[in-house]
Amino acid sequence: MNLSNGGISTVGGQSGNGSMSGDWEEKKKTLEVKASTPTRKPQPPKPENAITIAVSSRVLFNMEREQQIYERQGMEDYLKYQLEHERQPFAPGPAFSFVKALEAVNNRLREIYPHSEELFDVVLVTNNHAYVGLRLINTINHHDLLIERFCMTGGNSPIGYLKAYHTNLYLSADSTKVREALAEGIAAATMFAPEKKKEVSETQLRVAFDGDAVLFSDESERIFKAEGLEKFFEHEKAHENKPLDHGPLKGFLEALGKLQRKFFDKGLRMDCPIRTYLVTARSAASSGTRALKTLRSWGLEIDEALFLAGAPKGPMLEKIRPHIFFDDQMFHVEGAAELGTVACHVPYGVAQTQAKK
């Protein structure tokens, strides 16, 4: 299987991003964007109050053709093509439904907390040249997205700007940049397009996490990799009352929980537009206790916990239909993408070292 992460690779013999857009190629031949700027958009929150999600242009939109031009013909032809197609919108990419779900949560929050600035704020982060900026703005307006903050670095890495934007999560098609962000202590993941498009909720944001090396540290996974399953079970039983250390995405789960509590405080627990899932290869009886006790010790809630005892995650995720799923192991990412889930790889922990070997 060849996963597409917003670049030029394909899945199952067809473009991963193309499958996200259906008959978009036919439609866009006759479609032009009105270059006017919409009015009466809600103002974005102040960065210090917001939960900031930084997304690259190549995961928010399908830029496969443009990427091919850049790689095969060079920067000058790439910029020329972008200028010639400035009024033609990009098709949605794998992060598009996730961003729309963030906006749906913001709309609910504004209804019950009109003056609150504890909202999601999406920043478009790209190393594109500023010449591409107008096409991106036109595309955002065409799709009616509320994205006011841009970071365009003209070929340089944008990672150094993420902390200045108070970034809570960074999503990119470039695994090198994702590793740079993780090294800076920023929650980050490489996003891949699913092989086939699945419908997801338009009113409830659904986020699914793996446990070890994603929410938690890779402490237990190191035991499993080095000494096997039985030693892993023994270790977890002996340490079930000792919380695991945090993993790279713990902070993002905390941010989601902070917004969930705003709905819980209004008696909307069962009507909350955010739902979280733990989807782990751990088994419940042998090693699930420590995972749940760790979350409790952090003061965090997970709405649903699925302990699969080593079974494939893809079929469960197909039922959940999350907007986004995070895992540290590529075979789980691949299995999820094959069945239609937008999956993200978190290149963290011992699994990455062994994969390289």
Side-chain angles (χ1 to χ4, degrees), residues 1-29 31 33 54-99 123-140 142-143 145 147 150-159 170-181 188-197 330 333-334 337 342-345 347:
M1 177 181 175
N2 187 15
L3 282 173
S4 169
N5 61 345
I8 63 172
S9 56
T10 58
V11 184
Q14 59 179 309
S15 164
N17 280 344
S19 65
M20 295 291 288
S21 57
D23 60 349
W24 180 261
E25 290 301 322
E26 289 299 319
K27 291 180 180 178
K28 78 176 184 179
K29 290 178 182 177
L31 181 62
V33 180
V55 295
S56 76
S57 56
R58 284 174 54 205
V59 296
L60 184 57
F61 302 122
N62 180 349
M63 301 179 70
E64 177 188 348
R65 184 173 183 179
E66 291 75 12
Q67 185 71 9
Q68 288 177 339
I69 292 171
Y70 171 71
E71 293 183 356
R72 296 174 183 176
Q73 299 171 225
M75 175 63 79
E76 295 307 316
D77 283 350
Y78 170 82
L79 293 177
K80 180 181 177 183
Y81 179 88
Q82 295 284 28
L83 288 171
E84 290 172 349
H85 295 78
E86 194 167 90
R87 295 171 65 85
Q88 196 173 75
F90 294 112
F96 188 87
S97 294
F98 174 62
V99 169
V123 177
L124 186 66
V125 177
T126 174
N127 63 350
N128 258 304
H129 196 284
Y131 275 15
V132 187
L134 283 176
R135 190 178 183 193
L136 289 170
I137 291 170
N138 287 338
T139 301
I140 285 168
H142 170 77
H143 291 296
L145 296 173
I147 301 177
F150 273 41
C151 179
M152 307 189 69
T153 61
N156 292 326
S157 174
I159 302 306
Y170 171 59
L171 300 173
S172 175
D174 189 327
S175 61
T176 299
K177 292 187 179 69
V178 166
R179 290 176 185 275
E180 288 178 26
T190 311
M191 177 172 273
F192 295 88
E195 184 170 328
K196 51 189 175 181
K197 182 179 179 181
M330 275 303 300
V333 173
E334 292 168 354
V342 174
C344 295
H345 180 230

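We're numbering straight along the sequence, starting at 1. Being a predicted model, the structure only gives us computed values, none of them experimental.
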4.5 Å side-chain heavy-atom contact, [X] and [Y]:
X    : Y    : answer
L60  : I147 : yes
V59  : F98  : no
V55  : M191 : no
V123 : Y170 : no
Y81  : Q73  : no
S175 : H345 : no

Sequence neighbours excluded, which residues qualify as side-chain contact (heavy atoms from CB on, under 4.5 Å) partners of A343?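 By the side-chain contact (heavy atoms from CB on, under 4.5 Å) rule, A343 matches F325, V333, A336.
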
TODO: For L79, enumerate each residue passing the side-chain contact (heavy atoms from CB on, under 4.5 Å) test, keeping only those at least two apart in sequence or located in another chain.
DONE: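 With neighbours one apart ignored, the set is M75, H129, Y131, V132.
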
For [X], give me all partners under side chain to side chain donor-acceptor pair (under 3.5 Å), at least two apart in sequence or on another chain.
X    : value
Y78  : Q82, N128
S56  : none
E180 : S157

Under 3.5 Å, side chain of [X] to main-chain N/O of [Y], donor-acceptor pair present?
X    : Y    : value
D77  : I69  : no
T139 : F90  : yes
R58  : S172 : no

Taking all heavy atoms of [X] and all of [Y], pick out the closest pair and write down the distance.
X    : Y    : value
S57  : L136 : CB-CD2, 4.1 Å
V125 : A54  : CG2-CB, 3.6 Å
P94  : A193 : CB-CA, 3.8 Å
P158 : C151 : CB-SG, 4.5 Å
N127 : T153 : CA-OG1, 3.0 Å
V342 : P194 : CG2-CD, 3.8 Å

[atom1] of [X] to [atom2] of [Y]: how many Å apart, nearest 0.5 Å?
X    : Y    : atom1 : atom2 : value
L171 : K177 : CG    : NZ    : 14.0 Å
R72  : Q67  : CZ    : CD    : 10.5 Å
Q88  : N138 : CD    : CG    : 11.5 Å
F61  : L145 : CZ    : CG    : 5.5 Å

For side-chain contact (heavy atoms from CB on, under 4.5 Å), just list the numbers for H85 and R65, CA-CA rounded to whole Å, side-chain angles, deciding distance to a tenth of an Å, and then say yes or no. CA-CA 12 Å; H85 295 78; R65 184 173 183 179; 5.7 Å; no

Parallel, tilted or perpendicular: which fits the ring planes of H143 and F96, with parallel below 30° and perpendicular above 60°?
perpendicular

